[in-house]
Amino acid sequence: MITFRNLKTLSRKRATLSFPSQDARIIDASDFLMLPALIDGHVHFRIPGADHKEDWKTGALAALSGGVTCVVDMPNNHPPCHTLHHLHAKKKIIDQQLKQAAIPLRYQLYFGADPRHLKEIAQVEECIAGIKVFMGASTGELLISKDADLEKVFQLARIHDRIVAVHAEDEQILSERKKALGDCKDPAHHSLIRDRSAAISAVEKLIYLAHKHDAKVFILHISTKEEAHLIRQAKQKGMRVYAETTPHHLFLSDADYAAHGTYVQMNPPLRKVRDQEALFEAIDDGTIDTIGSDHAPHTREEKDQPFGKAPSGVPGIETVLPLLLNACTQGKLSLEKITRLTRRNIENIIPFPLHDDCVIVDLEKIQTVQNERLKTKCGWSPFSGMLLKGWPIYTILNKQVFEVERGQFLP
Ligand SMILES: [Zn+2]
C-alpha cells in the first residue's frame, strides 16, 4: 500500500489517500495538493497513419506525465475515422497499443464528418465523444466546406443526440486569402493567411445553425476576442454553445513567430496579445468552458521545412497543467477555475463514465520546460525554455500511482 499523508485539497481539509502497491510506503505529502486528474478534450495521437509523429504508447505516457488520465482523440487520421469500419479498426489499434504500454488510459473518439459518409453518422451505436467537423482544411483530408453538408450534419446530430465539435475557420475565406497573399516565405504570414475573419465568420454561421436546429455545438480552439464575444452573446440567449481554447492561444501570440518560426505554426494560428487578454476574460466570465491541448505533434524534420511546406500543429499535452498552475501562481486563474476548465466542464459537455482519478501537484516546484524531459514522440515543445512554477508529481489512474519524474507506475 502507498499512502499519501496530509495532502492539501481544494476544500482546504487535509486528506490521506492510500493505493494498492507491492510496497508498504508512506509519503509525507504535506507540501502537495490533490486536484482532479485532467481530461484532455482535444488530442491527435496520430493513429492510424502517422505513428512516426505519435502513437498511443508515447501519447499515453505523455498524458500521465501531464496529469491527464483521459483523452478525446480527433478523427483526422489516415484513413480518417469517418466510417464505422474505420472507427472499429482505430479502436482495435488503440487498445493493442495501450495494452503493450500497460497504461489503461481512458479515452473517447470523435467521429469525423465527411460529405461522402454522412449516412454513417446515423449508424454509430457505440459511445463516441461526438461528431467532429472541419469547416476549414487543416491536417488530413476531412472537410465540410458546403453549407448544405453542414446543415445535414446538424440535422443528424439533432436526431441522434450527438454534439457537433467544430474546427471553425471558413474555407472560402482561407483559400481567397491564400491566393491573394501568394507564396509567402515568412511563418508570420500564417496568421495573415488564416485571418481572424475566417474564424469569426465560421463561428457566426455555427451559432446560426445551432439556433436553427436547436443543436449542441462545441466550438474548438477559439483564438480571437470576437469569437469570445459571439459565444458570450449566444450563451446569454440560453443556447447550447460551448467553447474551448488552448494553452498556445493563451500563452503565445503572433510575436512568437520571430523566435520560433514554424514551431509555433498551428490552426487556427496565433493571434494578438489583446486576444490573449480577451480569452482570459472569457475564461473568467464562463464564456470559455474548457481548455484542450490540441496536442498535434509533428517531427522536427517536418517542422524544419520552409513555411508553406511545414505542417501546422504543436504538441502540448504535457505542458497544459504546468502552464495553468504557473498562471495560477501569478494570480491569473484560480485552482477551482483550472479544475472546471480541465475536468468538470468537459464531463458536462461530453458524456464520460465518471471516475475519481486525481493528480498530485507541487505548487512550489520551479522547473523549465525541457525538450529532453518530454515523453511525446516528437520530442519538442513550443514552450521549451519557459520557467514554470507548479508541476504535477504523481498522477493516479484507476488507483495506480504514476510517478512523473521517473515516468512510470510505482510497483
Ligand atoms: Zn486539433
Side-chain angles (χ1 to χ4, degrees), residues 38-50 53-54 56 59 62-63 66 68 70-78 80-82 90 107-114 128-144 163-171 174 190 194 198-199 202-203 206 217-224 227 242-250 252 262-271 279 288-298 302-303 310-320 341-342 346 349-350 376-378 381-382:
L38 283 70
I39 296 174
D40 191 338
H42 192 155
V43 306
H44 301 262
F45 278 0
R46 304 300 193 200
I47 294 293
K53 300 176 198 271
E54 194 78 280
W56 281 74
V68 176
C70 180
V71 298
V72 188
D73 192 67
M74 292 299 171
N76 54 333
N77 310 115
H78 306 280
C81 185
H82 59 14
K90 180 172 173 176
Y107 73 89
Q108 287 268 19
L109 302 178
Y110 274 108
F111 194 76
D114 180 277
I128 52 166
I131 304 161
K132 171 75 186 277
V133 170
F134 287 86
M135 287 172 77
S138 192
T139 301
E141 59 190 74
L142 286 175
L143 181 64
I144 297 278
I163 193 164
V164 185
V166 189
H167 180 124
E169 286 184 287
D170 185 291
E171 181 59 22
L174 294 182
H190 191 60
R194 298 187 85 102
V203 168
L206 285 173
V217 62
F218 189 13
I219 304 176
L220 303 175
H221 41 47
I222 72 162
S223 58
T224 64
E227 287 166 278
Y242 306 94
E244 172 201 74
T245 194
T246 72
H248 40 269
H249 290 111
L250 286 172
L252 299 172
T262 57
Y263 282 79
V264 290
Q265 177 196 327
M266 77 288 288
N267 302 333
L270 294 177
R271 309 289 188 191
L279 293 178
I288 289 175
D289 300 280
T290 73
I291 290 179
S293 69
D294 196 3
H295 179 80
H298 297 286
E302 290 164 333
K303 280 295 204 182
S312 296
V314 297
I317 197 167
E318 288 163 86
T319 41
V320 178
L341 289 163
T342 60
I346 308 177
I349 297 169
I350 296 170
T376 171
K377 198 181 267 189
C378 72
S381 162

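Everything numeric in this text was worked out from a predicted model, so none of it was measured. We number each residue from 1, following the sequence as shown. Remember, it's 1-based here, ligands and their atoms both numbered in the order they're listed.
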Parallel, tilted or perpendicular, judged at 30° and 60°: which one describes the rings of H221 and H42?
tilted
Is the Zn ion (ligand 1) under 2.8 Å from any N, O or S atom of H167?
no
Quiz question: by atom type and distance under 3.5 Å, do the side chains of R271 and S223 form a donor-acceptor pair?
yes
Examine the side chains of H298 and R46 and answer whether a donor and an acceptor come within less than 3.5 Å of each other.
yes
The Zn ion (ligand 1) -> H44, closest N, O or S atom is NE2
Please name the atom of D294, restricted to N, O or S, that is closest to the Zn ion (ligand 1).
OD1
Decide whether T262 and Q265 meet the rule of one side-chain donor and one side-chain acceptor closer than 3.5 Å.
no
Are any N, O or S atoms from H221 nearer to the Zn ion (ligand 1) than 2.8 Å?
no
